[in-house]
Amino acid sequence: MKAKALGGSLLLFLLLFAARMNAGTIQLDSLGTAADAGQYNSKGNTIAIAPNSLWAAALPSSSWVSFGKTGDTSNPGFFVVPNGTVVSFFDVFNLSGIPSGGKITVMADDAATVILNGVTLMAEAPISGNTYKICSDFGIGCRAPSIIDIPASDLHQGSNTLDFEVAQRNGVSFGLDYSGYVIDPVLTPVITPEPSTAMLLGLGLLAIAALGASRKSANIPA
């Protein structure tokens, strides 16, 4: 009975471990071309920048990014992006299975439109009635994050492209920050088990082997 109970516990553990291995998410964070070759913009490489002091802090696991030193006005090499400029920032990622949706959280100075595979998820806030005192007064701005659902219907199995159309409307700084995820049901995010998980698995297998050996020896006549 003890052997059956132990074997059942180990089987349950293995099933839970396998379930963990067969589902996951793809993380989408603004990090720059150097950290992620799938990130670039219409002017070249995307780079992490020092933010303007009036912007909200970068989202967890991401950085404020741009195509040049356009964030912190006191940073050596800072330059002002002319009003009316719109720069496209791209993040290309692949899904191995049938997509299940996700979310993306975005901030930008002055404003931005978010497009996935040619479908607009959130349009730039209207210019009319917008003071742009620091950045856009509503919609996607730099003071508070905007959370956007990513519908499964707008995702593709294979290559996908997020496009952030960042617009400069009233000076001075310019930048983009985003963080999110998409669910990939067949993604296997962990190829090698964590040390603690591997140790538990190994101990369980050793226990089963030892119990089997002791029962076998007990059945051998003296």
Side-chain angles (χ1 to χ4, degrees), residues 25-33 35-36 38-43 46-68 70-73 81 83-93 95 99-156 160-184:
T25 60
I26 293 179
Q27 192 69 24
L28 302 169
D29 298 306
S30 52
L31 298 171
T33 307
D36 182 346
Q39 296 182 16
Y40 59 98
N41 64 74
S42 56
K43 290 185 175 293
T46 295
I47 63 170
I49 60 170
N52 185 292
S53 60
L54 298 177
W55 291 350
L59 298 162
S61 73
S62 72
S63 301
W64 280 94
V65 297
S66 184
F67 64 92
T70 62
D72 184 354
T73 58
V81 177
N83 290 339
T85 300
V86 178
V87 180
S88 299
F89 291 83
F90 301 101
D91 193 331
V92 179
F93 59 95
L95 292 172
S100 298
K103 289 185 183 294
I104 191 78
T105 304
V106 186
M107 295 189 289
D109 189 348
D110 284 316
T113 297
V114 180
I115 302 168
L116 172 63
N117 297 325
V119 177
T120 299
L121 299 181
M122 181 175 284
E124 180 185 350
I127 295 175
S128 177
N130 204 334
T131 68
Y132 300 102
K133 184 176 181 180
I134 299 172
C135 49
S136 183
D137 299 331
F138 37 86
I140 297 174
C142 62
R143 301 286 285 167
S146 295
I147 302 174
I148 306 168
D149 286 328
I150 298 177
S153 58
D154 294 333
L155 291 163
H156 303 153
N160 294 263
T161 302
L162 267 170
D163 177 8
F164 303 87
E165 304 280 336
V166 182
Q168 180 76 309
R169 298 302 181 198
N170 192 33
V172 173
S173 293
F174 178 94
L176 168 69
D177 180 40
Y178 63 88
S179 181
Y181 66 90
V182 292
I183 302 170
D184 191 338

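- Heavy-atom minimum distance, S63 versus A58: CA-CB, 4.1 Å.
- Here the straight-line distance linking atom OH of Y132 with atom CG of D137 works out to 8.0 Å at 0.5 Å rounding.
- Applying the disulfide bond (SG atoms under 2.5 Å apart) test to pairs two or more places apart or on separate chains, those with a residue in residues 111-141 are C135-C142.
- Residues Y40 and V92 have side chains in contact (heavy-atom distance under 4.5 Å, counting atoms from C-beta outward).
- Between F164 and Y178, the angle of the ring planes stays under 30°, which puts this pair in the parallel group of the 30/60° scheme.
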Handout entry: side chain to side chain contact (heavy atoms under 4.5 Å, CB included) assessment of V114 paired with I140
Key = CA-CA 9 Å; V114 180; I140 297 174; 3.7 Å; yes
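- Counting only heavy atoms from C-beta outward, the side chains of L95 and L155 approach each other to under 4.5 Å.
- Side chain to side chain, S88 and E165 meet the donor-acceptor criterion of an N or O pair below 3.5 Å.
- Between the T33 side chain and the T46 main chain, a donor and an acceptor come within less than 3.5 Å of each other.
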Exercise for the section: Given side chain to side chain contact (heavy atoms under 4.5 Å, CB included), test V166 with F89 step by step and report yes or no. Expected result: CA-CA 7 Å; V166 182; F89 291 83; 3.7 Å; yes
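- G32 and V65 get closest at one heavy-atom pair: N-CG1, 4.1 Å.
- Checking side-chain atoms of N160 against main-chain N and O of N117 turns up no donor-acceptor pair under 3.5 Å.
- A side-chain contact (heavy atoms from CB on, under 4.5 Å) with L54 is found for exactly one of D109, I134, T73, namely I134.
- Side chain of S179 to backbone of D29: no donor-acceptor contact under 3.5 angstrom is found.
- Taking each heavy atom of A167 and V86 in turn, the nearest pair found is CB-CG2, 4.0 Å.
- Taken to the nearest 0.5 Å, the OG atom of S30 stands 9.5 Å off from the CD1 atom of I49.
- Sorted by first and then second residue, the side-chain hydrogen bond (donor to acceptor under 3.5 Å, both in side chains) pairs involving residues 138-156 (not counting sequence neighbours) are K103-D149.
- Note that OG1 of T85 and CZ of F174 are 7.0 Å apart. Values are rounded to the nearest 0.5 Å.
- Within the 4.5 Å cutoff, no side-chain heavy atoms of T161 are placed close to those of F93.
- Side-chain N/O atoms of N52 and S173 include a donor and acceptor closer than 3.5 Å.
- Atom CH2 of W64 sits about 7.5 Å away from atom CG of L176, to the nearest 0.5 Å.
- A 4.5 Å side-chain heavy-atom check between N170 and N130 finds every atom pair outside the cut-off.
- Residues I104 and V106 are in side-chain contact: their nearest non-hydrogen atoms beyond the backbone lie under 4.5 Å apart.
- Nearest approach of D177 to A57, heavy atoms of both residues: OD2-O, 4.4 Å.
- Taking 4.5 Å as the limit, some side-chain heavy atom of R169 sits within range of a side-chain heavy atom of I127.
- Proximity of M107 to L59: side-chain heavy atoms (C-beta onward) are separated by under 4.5 Å at one or more points.
- Closest approach of S62 and L31 over heavy atoms only: CA-CD2, 4.1 Å.
- In this structure, I26 CD1 and Y181 OH are separated by 13.0 Å, a value rounded to the nearest 0.5 Å.
- Taking CG of L116 as the start and CG of L121 as the end, the distance is 5.0 Å to the nearest 0.5 Å.
- Counting only N and O atoms by type, the side chains of S136 and D110 include no donor and acceptor under 3.5 Å apart.
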